[in-house]
2 protein chains.
Amino acid sequence: MEQASGDDPAEPGRSRPSEGGRRARRVTSIDVARRAGVSASAVSRAFTEGAYISRELKARVMAAARELDYEPNPLARGLITRRSGMVALLMDELSNPFYPEALQAFGSELHRRGKRVMLFAPAPGEPLEDVLPQALRYSVDGIVVASAHVTSALAEAARKAAAPVVLFNRMLEHGGLSAVTCDNHAAAELVARLLAEAGHRRPAFVAGLETASTSIHRERGFAAGLHQAGLGAPRRVSGGYTYQGGYAAALELCRGGETPDAIFVANDIMALGVVDALRRELGLDVPGDVSVVGFDDIPAASWPSYDLTTMRQPLRAMVSETVQLLEDQLESAYPKATTVTLPGRLIRRGSARLPPA
Amino acid sequence: MEQASGDDPAEPGRSRPSEGGRRARRVTSIDVARRAGVSASAVSRAFTEGAYISRELKARVMAAARELDYEPNPLARGLITRRSGMVALLMDELSNPFYPEALQAFGSELHRRGKRVMLFAPAPGEPLEDVLPQALRYSVDGIVVASAHVTSALAEAARKAAAPVVLFNRMLEHGGLSAVTCDNHAAAELVARLLAEAGHRRPAFVAGLETASTSIHRERGFAAGLHQAGLGAPRRVSGGYTYQGGYAAALELCRGGETPDAIFVANDIMALGVVDALRRELGLDVPGDVSVVGFDDIPAASWPSYDLTTMRQPLRAMVSETVQLLEDQLESAYPKATTVTLPGRLIRRGSARLPPA
DNA sequence: CTGAAAGCGCTAACAG
DNA sequence: CTGTTAGCGCTTTCAG
């Protein structure tokens, strides 16, 4: 009698007393099948997009499923389909507010598409390509890499594993990886022209991580824009993409020679450090003595204490493009690397003297 | 010879030409077993902590595994053990820098223990208890809830599912859930006493979310401390735990009556808004006209523009306690709810006049 | 269009 | 201590 067929697994109080009380038995596709009077395959088909199943049967299955509060187990499904419904996110700069924002955006975007986020936040030292196999073990549907430390080793590992990888907010010249970035060159070029037009003559650049494509492209674009305006190459210092680095960079820039009258900083978090160093430690006026322009438009950029003029990255668009690229790669058998470049938008605030819009 | 036994699956160039080139065949426990000349169970045992297996056999298996670059598939393993090695993290306040920091910390702590983070960042509207079943479908080893929106509905759902849940940086009075928090009451009490001792007579409190335990306890502790010092209840305004909310709260506090001479703010991100409103919009001096004390010690608190005196939460300790509680719950068949409370530490900076330490 | 049977990769009894 | 046998929950040929 204990084994009477057709017993409802959702029914309470039927668990074996010896079970320990933990981990209620899960409702499976077989439970649903029994209830709907069909086979397990039918249940599977009902839950598979575009599977051959009659309208009527599907409805019956779905009804039973609803009653039992059933949904397919993604792990079991993933074992055979090799897709777990999870997307791995590699991020190692959570201390830059741009990334938590991106994380949030990825969360909702993926959730909308029925997927989940598996986060990999490797410690500073750990090589990214070590993370890749770990992610793959979980049969993730794809991998988004948002770390400044992408190397060709990673690209190579991705290629060998034939894993769908998309770089977010960075790119790799010859790695053969898809990527989504802002048009860093054009954006930086515009900043340079505007700064020059406003009469600045001693521009400087604060770089981020020397190997980061974002920093490199922003620097090149900035130099190109200055050149067009008839100005020479800017002085440059590196700030490692951190607040402290920006702070130190500003000091070095001002103490190590002629004080610049404009500083273009490769990202906002560093720019905040630059502004603080300029004002609090050097007693300079921003933008009176020196104009500061950042990149990203993180929330703090709009705070009155900073009121930072900055190049906004189209975050939501970048995120949804990234996810789309991932899906495209999953569809195609031999996907080719695609790079999507989205325009930035200048947000004029009070930290820089700029010509009227 | 194409089918010679013992062929190495990791060997390149052997994939069937018709395969499409995607998704290289994975190396399984059977591959390792064959190579080591043992059974699949032996491989399983070799990779299972404390399983009955001889030293010698284990060594042999591990050697073969290493050569093949094998590690067990956590999804397949999870199907039977009901543990996937993933821990779900529910966080919906990523815009408060305290949480990205916590996220990072959870990432390393869990990584250290061989687990992965599955992030759930529900949109503002979405009820938390809806997220629970989603997480459980993935056979997560546990769930860390770091959302201010914990309700008894969540607790109830967790109880019914018998899921290991630990609340991080919040608690629920009668929910029966384990939790890790800072000693909010004691910390706030200390702030009150110190502020009073320094001569402040018109204290105010900026609350976070009205339903958040952190905000409630900090408010109670603050009131208690003021009472001990012979002061009345503080004026209070709510700031919703956001920068903008803190900004608005400060304005309300100062325009809606007598300007306070000290403001204790339930968290740092709001405190930054308070400081900005005070200085930039009201032209007040901090701490000359009004002292401001925050809570958390987020990175921005130490920036020269704010130099915020604040109560630091012992983040790393809180995180590791949380993970430990989760593990304890997994071990025990009938775990009982445990609350761990860690002391905060006052970080004296320049935003408040306080008696010397 | 539907069901039966096989199997994804692994672990957990169960014998030996 | 080790191998053999089932089976986690699902999808997928393969017949019908």
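Chain identifiers are assigned alphabetically (A, B, ...) following the order of the sequence lines, protein sequences preceding nucleic acid strands; residue numbering begins at 1 within each chain. From a predicted model like this one, the values you see are computed outputs, not experimental measurements.
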- What are the residues of residues 42-52 of chain B, sorted by number, that bring a heavy atom to within less than 4.0 Å of DNA chain D? A42(B), R45(B), Y52(B)

- Note on the structure: Listing for DNA chain C: consecutive Watson-Crick or G-U pair runs of at least 3, distance cutoff 3.5 Å, ranges ordered by first number, gives C:1-11 with D:6-16, C:13-16 with D:1-4

- First locate atom CZ of R170(A), then atom CG of L172(A), and finally report the distance between them rounded to the nearest 0.5 Å. 11.0 Å

- If only side-chain N and O atoms of S41(A) are considered, is one of them under 4.0 Å from the OP1 or OP2 phosphate oxygen of dC10(D)? no

- Note on the structure: CG of L330(B) to CZ of R82(B), rounded to nearest 0.5 Å, is 13.5 Å

- Using side chain to side chain donor-acceptor pair (under 3.5 Å) as the criterion, list what pairs up with R316(B), not counting sequence neighbours. none

- Task: Sequence neighbours left out, what passes side-chain contact (heavy atoms from CB on, under 4.5 Å) with N73(A)? Give chain and number order.
- Result: R26(A), L75(A), A76(A), L79(B)

- Task: Could you list the residues that satisfy ring-ring contact (aromatic ring centres under 6.0 Å, His included) with F106(A), not counting sequence neighbours?
- Result: F168(A)

- Query: What integer distance in Å separates R137(B):CZ from dC10(D):P?
  - Reply: 10 Å

- Is the number of heavy atoms from other residues, nucleotides or ligands within 6.0 Å of CD (E56(B)) greater than 12? no

- Query: Rounded to the nearest 0.5 Å, how far apart are CZ of R159(A) and CG of L154(A)?
  - Reply: 12.5 Å

- What's the OH-C1' distance between Y138(B) and dG9(D), to the nearest Å? 14 Å

- Query: So, does the side chain of T81(A) form a donor-acceptor pair with the base of dT12(D) at under 3.5 Å?
  - Reply: no

- Identify, between V38(B) and I80(B), the residue whose nearest nucleotide on DNA chain D lies closer to the 5' end. V38(B)

- Note on the structure: Whole-Å distance, L79(A) CG to dC8(D) C1', equals 9 Å

- Does R116(A) use its side chain to pair, donor to acceptor, with the backbone of G85(A) at less than 3.5 Å? no

- With I143(B) as reference, evaluate V87(B), L132(B), V166(B) under the side chain to side chain contact (heavy atoms under 4.5 Å, CB included) test and give the passing residue. L132(B)

- Exactly one of V140(A), V117(A), V145(A) clears side chain to side chain contact (heavy atoms under 4.5 Å, CB included) with L89(A), and that residue is V117(A)

- Please state whether the phosphate of dG9(D), meaning OP1 or OP2, lies under 4.0 angstrom from any side-chain nitrogen or oxygen of R82(B). yes

- Message: Taking any heavy-atom pair under 4.0 Å as a contact, classify L75(B): base, sugar-phosphate, or nothing.
- Response: nothing

- Query: Between E109(A) and R113(A), is a salt bridge (charged side-chain N to carboxylate O under 4.0 Å, His left out) present by the stated rule, with each step listed?
  - Reply: CA-CA 7 Å; E109(A) 179 68 28; R113(A) 306 195 187 209; 3.1 Å; yes

- For I30(A) and dT11(D), give me the distance from atom CD1 to atom P, rounded to whole Å. 12 Å

- Message: Rounding to an integer number of angstrom, what distance separates dT5(D) and dA6(C) when you compare their P atoms?
- Response: 16 Å

- Item | Terminal contacting nucleotides, 5' and 3', DNA chain C versus chain B (heavy atom, 4.0 Å) | dG9(C) to dA13(C)

